[in-house]
Structure formats: C-alpha cells, structure tokens
A.B. asks: 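Have a look at the structure that comes next, please.
Note: hydrogens, waters and symmetry copies are ignored here, and every other heavy atom, side chains too, is used. Chain naming here is simple, since letters A, B, ... match the order of the sequence lines and numbering starts at 1 in each.
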Amino acid sequence: MAAGAPVVPTARSGYEGDVSTSSDADPAVMWFRRDLRLADNPALVSASEAGPVLPLFVLDPALWGPSGVSRRWYLTESLRSLDASLRRRRTSLSVVRGKPERQVVLAAQAVDATRVFVAEDFGPYGRERDERVEEALDAAGIELVRVGSPYAVAPGTVVNGSGKNYQVFTPFSRAWADIGWEEPCAAPTGGSWLELDSTVEIPTVDLPDGLEPPAAGEAAAAQRWADFVDADVTDYDDERDRPDHDRTSRMSTHLKYGEIHPRTILADLAGSGGKGRTTYRTEIAWREFYADVLFRRPDSARDYYKPEFARMSYASPGDDFDAWREGRTGFPIVDAGMRQLAASGWMHNRLRMITASFLVKDLHVEWQHGARHFLGLLADGDLASNNHGWQWVAGSGTDASPYFRIFNPTTQGKKFDPRGDYIRRWVPELADVADPHDPSPDDRDRVDYPHPLVDHKAERQEALDRYAEIKQ
DNA sequence: CTGCGTTTGTA
DNA sequence: ACAAACGCA
C-alpha cells in the first residue's frame with residue numbers, strides 16, 4: 001500500500017476508520033486490549049521502536065452486551081481518554097468490532113502490516129482466545145511478536161525450588177517478592193506512527209440516576225494513585241475492611257484497563273515501611289497470584305480448580321438466585337452489597353466475600369453463576385481476580401478451607417459495619433429500624449423489608465454436609 | 001519429617 | 001480452644 005493511500009473500509013470487514021500511513025516502511029499493528037497504559041508499556045516501546053505502528057484497540061462485543069451498563073460506560077470513557085492521549089502522540093485510535101482473531105487480521109491487512117505486536121496477556125477471556133489469535137495470524141502469514149506483560153508483573157514465571165508453580169498464596173507471594181520486578185518503562189519516544197484520517201465515533205452510554213462513576217484514563221489513574229498514597233495508604237491495613245468508611249484504593253478499574261501498571265504501583269511503594277504499604281503490596285500480590293493461577297490453568301476460569309467439587313450437589317439458580325441478585329435476601333449486609341453493585345458497578349471487597357459466601361454456602365448455588373453476575377456488572381471485573389476470588393470463597397480454589405470459609409452474614413455485618421452506616425446507605429428502608437443488622441420481624445413488616453430467605457445456621461450445616469459427601 | 005500457615009465461626 | 005486438610009520449606 002502506498003503511503004497516504006486511504007483504506008476504504010467496507011461494512012463486511014468491520015473495520016471502522018480510514019487509514020493512511022505516515023511512512024511506507026514495514027508498518028506494524030500494535031494490538032491493545034486492556035492495556036491502555038502508554039508511558040509504562042514495554043510492549044508499546046518495543047513496537048514503536050520497530051517501525052511505524054497502528055495502535056489498535058479491540059472492542060469485544062461481549063463488553064457491549066445488555067448487562068454491565070457501568071462497565072460499558074467505563075470502557076467508553078477509557079476510549080475517549082486513550083483517544084486524546086494518542087492524539088497528543090500524533091496518532092489516533094482505531095476501533096474494530098467482532099471476534100478479536102478476525103479483526104486483528106483485518107486491521108493488519110488494512111495497512112499491509114507484516115507484523116502484529118501483541119502484549120503478552122491472556123486477556124479478559126482467557127488464554128484460549130489468545131491462541132485463536134495466534135492461529136488466525138499464522139494462517140494469514142502475518143508474524144506475531146509477543147512483547148511485554150502489561151497485565152501483571154510476570155504471570156507464569158514464579159516457581160518454587162523444584163520448578164513447580166505455587167498453589168498457595170503465602171509461599172507464592174514470598175517467592176514473587178524475592179524475584180522482584182523491573183522498574184516502570186519510560187514513555188516511548190522516537191517511534192513513528194501510522195495515522196488515521198478519521199477517528200471512530202465513540203458511542204455514549206446513559207448511566208442510571210445516582211451513579212457517580214470514577215474518572216477514567218491514564219491521567220485519572222495516576223491522580224487517584226497519588227491521592228491514595230498521600231491520604232489513605234497509611235491506614236490501609238485497618239481501614240480497607242470497612243465498607244462504611246470507603247477508604248480502599250479504588251485502583252482496581254484502572255488496573256483492569258491497564259491505565260496504570262502494577263510495576264508503577266510497586267515502585268512507588270518500595271523503600272518505605274509502614275503496615276499500610278505492606279498490606280497494599282500484599283493485595284497487589286493477590287492479583288498477581290490469581291493472574292499466575294489463571295495463566296497456568298486457563299480452564300479454572302470456568303471449571304472447578306479442584307475438580308472433585310464438580311461432584312458436589314448444588315441448587316439450580318432460581319427464585320433464590322434472583323433474590324440474591326436483586327438484593328432482597330432479607331440479610332441486610334448481603335442486600336446492601338448487591339444493591340451497591342447493581343447501582344454503582346462496584347462493590348467493596350469485604351462485601352464481595354460476604355455476598356459470594358452467601359450465594360455458595362447458604363443458597364448452594366454454584367460459584368460460576370455468581371461470578372458471571374459480578375463480571376457483568378463490575379467496572380473492574382477481571383477474569384482472574386473475580387473468578388478465583390469466587391473459587392476461594394467456594395472452597396474449590398487455591399487455599400481451600402471449607403470449614404473456615406462460611407461467612408456468617410450478620411456477624412460480618414456487625415464486625416465491619418459496626419454502626420450500620422453502609423447498610424443504611426444502600427438499604428434505605430432500614431434507615432430507622434432499631435438494629436439494621438438484624439431487624440425484628442415487626443420492623444421488617446413495617447418498612448416492607450423481606451424476612452430472611454434462609455436459616456443461616458441450618459444452611460451452614462447443609463454446606464458442610466455436602467462438602468463431607470465429596471470427601472470420600 | 002515436622003511445623004507452619006489459612007481475609008473465620010462457634011462455643 | 002478447636003474445627004481440618006494440605007501445600008510448602
């Protein structure tokens with residue numbers, strides 16, 4: 001293709017945007033997925049140094065489905081932000097739709113690229129899809145170059161003395177910290193970029209009333225991180241578990257969309273003591289651990305990490321499941337969490353554990369149903385962290401501890417939301433009852449709040465009995 | 001081999 | 001205190 005010659009997209013190709021090249025020397029396509037972080041991205045540096053590059057962001061249609069309004073909104077804002085950022089670097093955003101493996105090939109052919117740089121990343125749908133991309137590029141005679149690992153520090157590389165991967169968090173986190181990590185990359189310079197003649201119309205998404213979503217984009221991520229380090233990281237150890245105080249870092253969505261690299265966070269935390277900083281690094285280690293586990297066992301995104309759990313008896317998701325999703329189980333802390341999720345696209349991590357435990361241990365519904373519901377609504381919904389968090393709760397994942405992991409929703413509520421402020425905020429009908437954690441039957445009738453869906457003590461025993469059955 | 005750890009609940 | 005299994009050093 002001659003320099004400057006536009007590629008006219010066709011409806012059939014699914015490629016949106018006219019492309020012209022600023023150079024006709026061996027163009028390449030850089031495939032962005034979640035990785036929007038520019039300054040920090042080794043993949044981007046490698047690609048830009050290798051020649052003219054067409055940055056390509058693949059929009060998966062699944063992200064634009066009927067559920068997940070907040071996540072669609074967040075992606076929209078991310079794209080706007082990325083677009084502005086790329087414009088400053090004299091390039092533009094290209095968006096393709098459809099199956100990634102097909103669209104990457106189409107985009108490469110559109111600029112006559114002979115290489116595609118793919119950030120090494122098993123992506124939001126697992127490693128299998130990356131393998132399909134690899135096959136499609138190979139079939140089209142296009143070279144695939146894997147560069148960097150933007151999602152996590154180094155999934156798949158932490159091993160014990162015998163060369164085996166870890167199945168338990170604590171030894172993993174020690175080995176992971178001992179190995180260490182590289183410094184963040186400098187922003188790419190000197191690369192040349194393919195240019196788009198026009199940019200894509202980025203769709204807008206209407207938000208439900210009352211939703212105050214976080215700012216999106218690389219700059220917003222950096223600002224949020226700086227604010228957190230200044231104000232809240234010192235008390236993070238104690239405060240992170242208090243949904244009523246809401247002093248978690250809120251970095252999860254930025255990390256999920258690659259707007260900040262974990263290496264940047266780790267570098268900023270380095271060299272200073274403080275329990276809060278140590279604890280925050282441990283939380284990053286959990287994210288790294290689950291990235292590592294999913295990298296090794298892509299099947300565990302859907303199937304039980306411990307296969308014997310497939311033999312347990314479960315309830316089909318029915319009316320109970322609907323009550324759980326809609327926040328009307330009659331357990332105030334559970335309902336508060338589920339309503340926060342539905343209304344805001346985010347849920348405090350303590351509540352993720354409580355609500356997940358309730359679905360799996362009290363309602364005996366398989367974790368996959370809950371995980372899918374979470375992924376559809378969470379702006380930060382991440383396949384590895386979400387699904388392995390669910391497996392952890394279900395007892396079927398790493399660090400299985402069935403006897404330790406049946407949360408008492410009432411006790412948890414009183415412990416972590418002692419004054420009931422969190423409940424009152426998200427379950428407003430309980431605002432003036434005497435005990436928002438355990439409203440009396442009369443109070444429930446008076447304010448039209450449901451009676452408990454189940455007897456927790458009985459269902460706890462039922463969960464233990466079902467577990468005992470598969471231990472034979 | 002042996003001891004340690006495991007974001008908890010119940011008594 | 002104890003519930004209890006198991007990966008790990």
Side-chain angles (χ1 to χ4, degrees), chain A residues 158-179 235-243 245 247-249 252 275-276 278-290 292-293 296-297 300 304-309 312 331 333-334 337 347-358 360-362 367 374 384-418 437-438 454-472:
Chain A
V158 180
V159 293
N160 65 18
S162 325
K164 302 249 299 180
N165 296 96
Y166 288 97
Q167 298 192 58
V168 172
F169 170 71
T170 307
F172 169 89
S173 66
R174 279 198 274 264
W176 170 80
D178 286 346
I179 291 169
D235 298 329
Y236 183 74
D237 189 43
D238 297 324
E239 292 294 325
R240 76 201 156 106
D241 263 331
R242 290 293 295 272
H245 292 176
R247 287 178 60 187
T248 58
S249 73
S252 53
K275 208 155 167 46
T278 306
T279 303
Y280 193 80
R281 196 169 68 177
T282 303
E283 298 305 317
I284 297 292
W286 275 103
R287 183 176 177 278
E288 296 281 327
F289 177 54
Y290 285 147
D292 183 81
V293 174
R296 287 185 288 112
R297 287 275 307 275
S300 65
Y304 291 96
Y305 181 82
K306 292 188 188 304
E308 65 268 28
F309 276 76
M312 201 147 82
F331 288 83
I333 195 73
V334 173
M347 195 200 296
H348 190 282
N349 185 58
R350 172 59 47 184
L351 273 298
R352 298 190 197 193
M353 293 191 283
I354 296 171
T355 56
S357 176
F358 187 82
V360 171
K361 301 292 170 66
D362 286 77
W367 68 265
F374 272 29
S385 295
N386 182 68
N387 288 31
H388 277 286
W390 273 91
Q391 296 236 36
W392 180 91
V393 168
S396 62
T398 52
D399 287 322
S401 285
Y403 288 85
F404 290 178
R405 222 148 279 161
I406 300 175
F407 282 38
N408 182 321
T410 311
T411 315
Q412 286 275 320
K414 287 179 176 171
K415 185 172 177 186
F416 296 109
D417 179 29
H437 292 290
D438 192 13
V454 295
D455 174 2
H456 171 71
K457 192 174 179 183
E459 299 308 334
R460 172 182 184 274
Q461 191 55 51
E462 174 68 21
L464 290 173
D465 291 346
R466 292 184 187 211
Y467 175 73
E469 279 176 29
I470 65 167
K471 290 315 279 183
Q472 313 309 333

A.B. asks: Name all residues meeting the side chain to side chain contact (heavy atoms under 4.5 Å, CB included) criterion together with Arg466(A); count only those two or more places apart in sequence or in a different chain, and write none if there are none.
C.D. replies: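 Expected list: Met312(A), Ser313(A), His364(A), Glu462(A).
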A.B. asks: Give the rounded distance in Å between these two atoms: NZ of Lys361(A) and C1' of dT8(B).
C.D. replies: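 Roughly 10 Å, once rounded to whole Å.
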A.B. asks: Taking only residues two or more places apart in sequence, or in another chain, which ones meet Pro307(A) in a side chain to side chain contact (heavy atoms under 4.5 Å, CB included)?
C.D. replies: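 Side chain to side chain contact (heavy atoms under 4.5 Å, CB included) list for Pro307(A), sorted by chain: empty.
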A.B. asks: Taking dA4(C) as the reference, what is the distance to dC1(B) when you measure between their P atoms (whole Å, please)?
C.D. replies: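 Pairwise P distance, dC1(B) against dA4(C), rounds to 23 Å.
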A.B. asks: Apply side-chain hydrogen bond (donor to acceptor under 3.5 Å, both in side chains) to Gln461(A) and Asp465(A), showing your working.
C.D. replies: CA-CA 6 Å; Gln461(A) 191 55 51; Asp465(A) 291 346; 3.1 Å; yes
A.B. asks: What stem regions, each of at least 3 consecutive Watson-Crick or G-U pairs below 3.5 Å, can be found for DNA chain B?
C.D. replies: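 Consecutive-pair runs (3 or more) involving DNA chain B: B:2-6 with C:5-9, B:8-10 with C:1-3.
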A.B. asks: I'd like to check the salt bridge (charged side-chain N to carboxylate O under 4.0 Å, His left out) partners of Asp235(A); sequence neighbours left out, ordered by chain and number.
C.D. replies: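 Expected list: Arg247(A).
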A.B. asks: Check the distance between dG7(C)'s C1' and Lys306(A)'s NZ and give it to me in whole angstrom.
C.D. replies: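 Atom-to-atom, Lys306(A) to dG7(C), this comes out as 9 Å.
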A.B. asks: Given atom CD of Glu308(A) and atom C1' of dC6(C), what is their separation to the nearest angstrom?
C.D. replies: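 Answer to the nearest Å: 12 Å.
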A.B. asks: Measure the distance from CG on Asp465(A) to C1' on dA3(C) and round it to the nearest whole Å.
C.D. replies: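 That distance rounds to 14 Å.
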A.B. asks: Quick one: side chain to side chain contact (heavy atoms under 4.5 Å, CB included) partners of Val168(A), sequence neighbours excluded?
C.D. replies: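 Partners of Val168(A) by the side chain to side chain contact (heavy atoms under 4.5 Å, CB included) criterion, ordered by chain and then number, come out as Pro171(A), Asp399(A).
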A.B. asks: For nucleotides 1-7 of chain B, give me every protein contact, N/O to N/O, under 3.5 Å, one pair per line with atom names.
C.D. replies:
residue, atom, partner, partner atom, Å
dT7(B), O4, Trp286(A), NE1, 3.2

A.B. asks: Could you work out, with ring-ring contact (aromatic ring centres under 6.0 Å, His included) as the rule, every residue matching Phe407(A), not counting sequence neighbours?
C.D. replies: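 Phe407(A) satisfies ring-ring contact (aromatic ring centres under 6.0 Å, His included) with no other residue.
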A.B. asks: For residues 386-396 of chain A, which side-chain N or O atoms pair as donor and acceptor with protein atoms under 3.5 Å away, sequence neighbours left out?
C.D. replies:
residue, atom, partner, partner atom, Å
Asn386(A), ND2, Ala371(A), O, 3.2
Asn387(A), ND2, Ala301(A), O, 2.6
His388(A), NE2, Ser300(A), OG, 2.8
Gln391(A), OE1, Tyr305(A), N, 3.0
Gln391(A), OE1, Ser396(A), OG, 2.7
Gln391(A), NE2, Ser300(A), O, 3.0
Gln391(A), NE2, Asp303(A), O, 2.9

A.B. asks: Let me know the distance between CZ of Phe358(A) and P of dT8(B), rounded to the nearest Å.
C.D. replies: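 Going from Phe358(A) (CZ) to dT8(B) (P), I get 19 Å.
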A.B. asks: Of the nucleotides dC8(C), dT8(B), dT10(B), which one has an atom closest to the side chain of Pro171(A)?
C.D. replies: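 Per side-chain heavy atoms of Pro171(A), the pick is dC8(C).
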A.B. asks: Take atom CG of Leu464(A) and atom P of dG9(B), then tell me their distance rounded to the nearest Å.
C.D. replies: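 Between P of dG9(B) and CG of Leu464(A): 13 Å.
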A.B. asks: In this structure, how many angstroms lie between the C1' atom of dA5(C) and the OH atom of Tyr467(A), rounded?
C.D. replies: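 Roughly 7 Å, once rounded to whole Å.
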A.B. asks: Looking only at non-hydrogen atoms, find the nearest pair between Asn165(A) and Val158(A) and report the distance.
C.D. replies: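 Distance-wise, the nearest heavy atoms are ND2-O, 3.5 Å.
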A.B. asks: Let me know the distance between CG of Asp292(A) and P of dG7(C), rounded to the nearest Å.
C.D. replies: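 The distance from CG of Asp292(A) to P of dG7(C) comes to 17 Å, rounded to the nearest Å.
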A.B. asks: With sequence neighbours left out, what residues match Glu308(A) under side chain to side chain contact (heavy atoms under 4.5 Å, CB included)?
C.D. replies: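 Only Lys306(A), Arg311(A), Ile470(A), Lys471(A) meet the side chain to side chain contact (heavy atoms under 4.5 Å, CB included) criterion with Glu308(A).
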A.B. asks: Examine dG7(C): is either OP1 or OP2 under 4.0 Å from a nitrogen or oxygen in the side chain of Tyr305(A)? Give yes or no.
C.D. replies: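 It does not, given that no N or O in the side chain of Tyr305(A) lies less than 4.0 Å from OP1 or OP2 of dG7(C).
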